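Reading through the structure tokens given below for one structure.
Any value given below was found using the heavy atoms of this structure, including those in side chains, with hydrogens, waters and symmetry copies removed. All chains are named by letter (A, B, ...) in the order of the sequence lines, taking the proteins before the strands, and each is independently numbered beginning at 1. Since the structure is predicted, the reported quantities are computational estimates derived from the model, not experimental observations.
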Number of protein chains: 2
Amino acid sequence: MPNKDTYEVILEVAINLFSKKGYNSVTIKEIANEAQVSEMTVFRHFNNKLNLFNKSFAEYVYIPKFKEFFENDLTYNLKDDLLKISQLYQETMENNKKIILMELKNDELITNPQSPLDTFPLKLKEKLVNYFLTMQKKGLIKQERDLEALTINFLSTNFGLFFNINCLPEMLKEVSLEDCIKDYIDSLIES
Amino acid sequence: MPNKDTYEVILEVAINLFSKKGYNSVTIKEIANEAQVSEMTVFRHFNNKLNLFNKSFAEYVYIPKFKEFFENDLTYNLKDDLLKISQLYQETMENNKKIILMELKNDELITNPQSPLDTFPLKLKEKLVNYFLTMQKKGLIKQERDLEALTINFLSTNFGLFFNINCLPEMLKEVSLEDCIKDYIDSLIES
DNA sequence: TATGTTAGTTAGTAACAACTAACATTTTGT
DNA sequence: ACAAAATGTTAGTTGTTACTAACTAACATA
């Protein structure tokens, strides 16, 4: 019964609307209209609204890039690595922006104990702490530095930048995201 | 007609629910029940749902503390000032947490062109840039440093920390918010 | 005692949204 | 050109929700 194309169109529209307005503020009719499809077609493809939501939510593009990077592409030059990680982070967040918003707006609906939005930063944190530990052993990070705090701050800054760019674009009018990241990493390295 | 007490109780419950579940997911019945009041009482006090939402939203405790601090309490010791500002920031965000969540979840409802969640960081940014400029002139910040980027990073880190503490408490299990802030500011100062 | 204020109760309306069913129409592959 | 698959249309059911109206009960105060 299903046609892959219309299925995808409906999913895309659904993600868009759910992330913009939240689950309960979106109607099937609205989704159908925007997807240029009849209401019935939506039901035929997804059975019910909640299932549509879950299917949208499962669209999260998981983070294989990070795994690969930490396994193969580290240079162990602090500046280069951190820059690359920041870029990867911003990319990943950008790609999954809508899903992330969807989770923020509908957290009560997400029963999955380990949703990707939660596990992603935690896994990344683990990898970063390990990386910093290696660098500390190599003498490239001061011995007295608290690596947990350093990691959390690194992730927090990156998240904060992502948030500000998307929710407060006025803030980043005079300076680009890239400049901010460079500034932050430069100041990190000097200590 | 209105009794100040029940009015406040209803408002408080409403803020709670709106911030947790979003406008359209909350019913008047629900609010009434949780406030231990009949549905009618809610309507008598607030006329309609949207008005209740707006009244809740207006509860935002604006930032007079910051104004005062920047006018009177600056020490012009970079470390002390930044620590204090971070503390004030976290306090303000904590106090207005629910309202902030309310805005995030219902941004489409907020027609007000200049909502406090938007203006607060922008005003703070202005003040911070000015402060950093003064400090740069005093020679306490390197001449080549981009102050816009520095400010945005400072705010982003603080926001990121606030977000992580509230939405990803697991992240901050082994290290306290205060430790992270100290670590961040220490590393800022060394550059 | 009388009166006004505040809140509860009950019943009901109007609108809307999720979802179903039956049938008609278009599109697609062969 | 034909059959099957995909989509549209229409009408209706069911449940929910914002909101109204009319009436009642408790209580404070003058």
Side-chain angles (χ1 to χ4, degrees), chain A residues 1-59 101-103 105-112, chain B residues 1-59 101-103 105-112:
Chain A
M1 205 176 235
N3 174 324
K4 204 69 188 164
D5 282 349
T6 54
Y7 182 95
E8 299 292 346
V9 172
I10 295 171
L11 247 191
E12 204 187 315
V13 170
I15 292 177
N16 243 311
L17 290 176
F18 284 145
S19 67
K20 262 191 213 144
K21 313 172 60 176
Y23 183 78
N24 279 299
S25 301
V26 176
T27 68
I28 301 282
K29 198 180 215 161
E30 209 178 345
I31 295 171
N33 285 342
E34 199 140 320
Q36 308 207 53
V37 139
S38 93
E39 227 180 310
M40 268 310 299
T41 307
V42 177
F43 282 108
R44 274 195 273 249
H45 277 281
F46 295 94
N47 296 320
N48 57 58
K49 193 183 176 185
L50 195 59
N51 182 50
L52 173 55
F53 178 81
N54 288 328
K55 285 285 178 343
S56 315
F57 192 67
E59 280 285 286
L101 258 178
M102 247 176 78
E103 166 149 6
K105 294 201 177 185
N106 305 295
D107 43 6
E108 51 163 17
L109 278 184
I110 290 143
T111 46
N112 190 335
Chain B
M1 206 174 235
N3 174 322
K4 204 67 189 167
D5 284 348
T6 53
Y7 182 95
E8 299 292 347
V9 172
I10 295 171
L11 246 191
E12 203 188 314
V13 169
I15 292 177
N16 242 309
L17 290 176
F18 283 145
S19 66
K20 261 191 214 143
K21 311 172 60 175
Y23 183 78
N24 279 298
S25 302
V26 176
T27 68
I28 301 281
K29 199 179 216 162
E30 208 178 345
I31 295 171
N33 286 342
E34 198 140 320
Q36 308 208 53
V37 138
S38 92
E39 227 180 309
M40 268 310 299
T41 308
V42 178
F43 282 109
R44 273 194 274 251
H45 278 281
F46 295 94
N47 295 321
N48 57 59
K49 192 182 175 185
L50 196 59
N51 183 48
L52 172 56
F53 177 82
N54 288 328
K55 285 286 179 339
S56 317
F57 193 66
E59 281 284 285
L101 258 179
M102 245 175 80
E103 167 148 6
K105 293 201 178 186
N106 306 294
D107 42 6
E108 52 162 15
L109 278 184
I110 291 144
T111 47
N112 189 336

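Here A/His45 does not reach the OP1 or OP2 of D/dA6: none of its side-chain N or O atoms lies under 4.0 Å away.
Residue A/Thr41 is classed as a sugar-phosphate contact, given heavy-atom separations below 4.0 Å to backbone atoms only.
When rounded to the nearest whole Å, the span between CD of A/Gln36 and C1' of C/dT26 equals 16 Å. Between the P atom of C/dA18 and the CG atom of A/Leu17 lies a distance of 12 Å, rounded to the nearest Å. Remark: P of D/dT7 and CG of A/Asn33 are 16 Å apart, rounded to the nearest angstrom.
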Report the C-alpha distance between A/Phe18 and A/Leu52 in whole Å, list the side-chain angles of each, state the deciding distance to 0.1 Å, and finish with yes or no for side-chain contact (heavy atoms from CB on, under 4.5 Å).
-> CA-CA 10 Å; A/Phe18 284 145; A/Leu52 173 55; 4.3 Å; yes
Carefully, step by step, assess A/Lys105 and B/Asp107 under the rule side-chain contact (heavy atoms from CB on, under 4.5 Å).
-> CA-CA 10 Å; A/Lys105 294 201 177 185; B/Asp107 42 6; 3.0 Å; yes
Evaluate the criterion side-chain contact (heavy atoms from CB on, under 4.5 Å) for residue pair A/Val37 and A/Val9; output intermediate values, then yes/no.
-> CA-CA 9 Å; A/Val37 139; A/Val9 172; 6.0 Å; no
Paired and unpaired positions of DNA chain D as dot-bracket, Watson-Crick or G-U wobble under 3.5 Å, | denoting a partner strand | ||||||||||||||||||||||||||||||
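Proximity of the aromatic rings of B/Phe46 and B/Tyr7 is defined here by a centroid distance below 6.0 angstrom, and this criterion is met.
Listed for the B/Lys49 side chain is a donor-acceptor partner under 3.5 Å among the backbone atoms of B/Val26.
Ring planes of A/Phe53 and A/Tyr23: perpendicular class, angle over 60° (limits at 30 and 60°).
In this structure, the side chains of B/Leu109 and B/Asn54 stay at 4.5 Å or more apart for every pair of heavy atoms.
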Just the atom pairs and distances: protein N or O near nucleotides 18-23 of chain D's N or O, under 3.5 Å.
from	atom 1	to	atom 2	distance (Å)
D/dA18	OP1	B/Val26	O	3.4
D/dA18	OP1	B/Lys49	NZ	2.9
D/dA18	OP2	B/Ile28	N	3.1
D/dC19	OP2	B/Lys49	N	2.7

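Side-chain contact annotation: A/Asn33 with A/Lys29, donor-acceptor N/O pair under 3.5 Å absent.
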